[in-house]
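Every number for a ligand or one of its atoms is a count from 1 in the order of the listing. Here, residue 1 is the first one in the sequence, and each next residue gets the next number. What you see below is based on every heavy atom in this structure, not just the backbone, and it leaves out hydrogens, waters and symmetry mates.
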Amino acid sequence: MSFDLVLFGGTGDLTWRKLMPALFQAFRHGKLPDGGRILAVARDERSDAEYRAYIRERFADVDEAKQPNDAEFARFAELLHYRRMDLSQPEHYAGLKQWLDERAADTVVLFLATSPHLFPAIVEQLGRAGLNGPHVRVVLEKPLGHDLASAQQINRVVAAAFREEQALRIDHYLGKPAVQNLMALRFGNALFEPLWRRESIASIQITLAESIGVGTRGDFYDRTGALRDMIQNHALQLLTMIAMEPPPANQADAIRDEKLKVLKSLKPFTRDNVSRDVVRGQYKAGTVDGKPVPGYLEESKVPSGSRTETFVALRTEVQNWRWAGVPFYLRTGKRLAARDAQIVVDFRPVPHPIFAGTTRANQLVIKLQPEDGLELHLLAAKGSNTGEMLSPVFLDLDFDKAFASERVGGYERLLLDAIAGRLNLFVRSDEQEQAWRWVEPILDAWNEDNIGPRAYAAGSWGPPAASALIARDGCAWSEEQ
Ligand code: BG6
């Protein structure tokens with residue numbers, strides 16, 4: 001199968017930091033289909049050779065394990081082409097179409113790695129230039145909008161030029177191997193399904209913690225905040241995968257239909273319950289990994305007095321028969337104590353304890369990163385004496401170790417899927433809009449409240465109010481248990 005992959009924003013951050021390393025890995029692993037061309041487009045004039053040299057240089061800034069040696073890069077570089085485009089000029093799209101038509105590849109993937117405010121204009125021009133035939137797919141990177149209305153506006157423009165199955169919305173968390181494993185855990189094994197419900201599960205917590213700050217992205221981040229940056233998309237996508245009903249098939253729309261039902265079942269936020277069920281925070285100076293780091297307000301490009309949240313913890317429920325009454329806790333933040341993304345499923349305690357001492361309820365920990373694996377926490381008897389107390393033990397599955405050579409990074413997986421037309425791991429427009437519908441009352445309530453985000457020290461686990469939020473139900477975050 002021949003393909004042409006066009007990267008709009010071909011000299012930008014996303015391209016050289018994430019997409020090129022991922023494409024190179026796919027190439028190195030022999031997974032990139034033969035007969036492919038990768039065309040970078042951007043504003044300035046460069047030859048193919050100059051672009052290849054630019055990318056070669058940029059590779060020095062990515063993970064060492066992902067850097068090509070000279071011979072590998074020489075072979076990879078043969079796929080790379082460059083074209084100057086002014087994205088406001090219709091004739092430049094006509095020129096691109098001609099370049100693509102000359103070869104007539106089986107598949108054309110147009111990846112918009114530009115600033116999202118350009119998406120509507122680019123998509124309109126693609127439609128007008130006829131760059132939307134049935135063999136064309138367009139890939140859109142988040143953030144897609146900053147609220148429901150703007151997301152709907154982008155979706156309307158996209159729908160005018162492309163059919164839904166031609167528009168691939170990326171949530172790079174869905175490309176992570178651990179997240180695909182969630183599907184395998186739930187629907188490839190019979191063991192957990194009978195327990196995967198309110199009768200056996202007491203609560204579920206999803207943590208997406210980062211130890212990094214906002215770095216050089218202060219201006220973008222300040223307009224965005226943690227709720228839009230991580231909860232509306234990554235955390236909610238994880239929640240849908242945990243809570244969804246078994247889909248009738250491992251097929252894109254079958255899965256998306258079930259995910260959408262979960263989003264529609266989420267307990268709605270109202271002005272009254274936001275202050276009770278949502279905690280927002282902003283980091284102050286502190287210590288991370290033994291080094292002093294500045295507070296959010298001291299970061300470059302962050303306006304003084306900003307009230308943007310860098311931390312969110314919230315409590316919600318999935319209001320259906322399977323999950324009624326089970327709290328789902330979501331939490332994310334920058335400059336927290338560790339980089340740690342995990343889902344913790346707390347099971348109910350035994351109904352009638354017969355062993356002396358404290359009995360800990362069983363727990364399943366789904367580790368997304370930095371490790372990728374599963375821990376099942378149980379109680380066991382050591383067998384050392386008759387009156388002994390039970391001891392905690394756990395089964396530990398390390399997927400990085402088990403499947404080391406076959407592991408594929410998130411972007412690599414999503415790019416290969418985009419080229420092959422596998423849509424399972426892309427987000428449908430109605431899911432994305434429903435997620436905005438659900439978070440919007442939180443944004444509205446914050447706009448009206450004068451308290452602003454609560455302070456937390458960089459290197460901590462967020463404001464104490466986040467612990468109080470979960471303690472109210474008699475639960476605790478995993479690091480506090
Ligand atoms: C991005 C956010 O979507 O996800 C970033 O915009 C965040 O702020 C990143 O750092 C986290 O991704 P990962 O894969 O490093 O967990």
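- Between Arg322 and Glu245 there is a salt bridge, since at least one side-chain N of the basic residue sits less than 4.0 Å from a carboxylate O of the acidic one.
- For Arg169 and Glu431, the salt-bridge test fails: no basic side-chain N is under 4.0 Å from an acidic carboxylate O.
- Between Glu479 and Arg331 there is a salt bridge, since a side-chain N of the basic residue sits under 4.0 Å from a carboxylate O of the acidic one.
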Using distance only, find each side-chain donor-acceptor pair of residues 434-441 under 3.5 Å and give its atom names and separation, not counting sequence neighbours.
{"from": "Gln434", "atom 1": "OE1", "to": "Arg437", "atom 2": "NH1", "distance (Å)": "2.8"}
{"from": "Trp436", "atom 1": "NE1", "to": "Leu144", "atom 2": "O", "distance (Å)": "3.3"}
{"from": "Trp438", "atom 1": "NE1", "to": "Lys267", "atom 2": "O", "distance (Å)": "2.9"}
{"from": "Glu440", "atom 1": "OE2", "to": "Leu148", "atom 2": "N", "distance (Å)": "2.9"}

Inventory of protein N or O atoms under 3.5 Å from ligand 1 N or O:
{"from": "ligand 1", "atom 1": "3 (O)", "to": "Lys142", "atom 2": "NZ", "distance (Å)": "2.7"}
{"from": "ligand 1", "atom 1": "3 (O)", "to": "His234", "atom 2": "NE2", "distance (Å)": "2.7"}
{"from": "ligand 1", "atom 1": "6 (O)", "to": "Lys142", "atom 2": "NZ", "distance (Å)": "3.1"}
{"from": "ligand 1", "atom 1": "6 (O)", "to": "Asp229", "atom 2": "OD1", "distance (Å)": "2.6"}
{"from": "ligand 1", "atom 1": "6 (O)", "to": "Asp229", "atom 2": "OD2", "distance (Å)": "3.4"}
{"from": "ligand 1", "atom 1": "8 (O)", "to": "Arg217", "atom 2": "NH2", "distance (Å)": "2.5"}
{"from": "ligand 1", "atom 1": "8 (O)", "to": "Asp229", "atom 2": "OD2", "distance (Å)": "2.6"}
{"from": "ligand 1", "atom 1": "8 (O)", "to": "Lys334", "atom 2": "NZ", "distance (Å)": "2.7"}
{"from": "ligand 1", "atom 1": "10 (O)", "to": "Glu210", "atom 2": "OE1", "distance (Å)": "3.4"}
{"from": "ligand 1", "atom 1": "10 (O)", "to": "Glu210", "atom 2": "OE2", "distance (Å)": "2.5"}
{"from": "ligand 1", "atom 1": "10 (O)", "to": "Lys334", "atom 2": "NZ", "distance (Å)": "3.1"}
{"from": "ligand 1", "atom 1": "12 (O)", "to": "His172", "atom 2": "NE2", "distance (Å)": "3.1"}
{"from": "ligand 1", "atom 1": "14 (O)", "to": "His172", "atom 2": "NE2", "distance (Å)": "2.8"}
{"from": "ligand 1", "atom 1": "14 (O)", "to": "Lys176", "atom 2": "NZ", "distance (Å)": "2.6"}
{"from": "ligand 1", "atom 1": "16 (O)", "to": "Tyr173", "atom 2": "OH", "distance (Å)": "2.5"}
{"from": "ligand 1", "atom 1": "16 (O)", "to": "Gln369", "atom 2": "NE2", "distance (Å)": "2.6"}

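- Between Tyr51 and Tyr54, the two ring planes are tilted [angle within 30° to 60°].
- Taking the six-membered ring where the residue is Trp, Phe27 and Phe76 present tilted rings, their angle falling between 30° and 60°.
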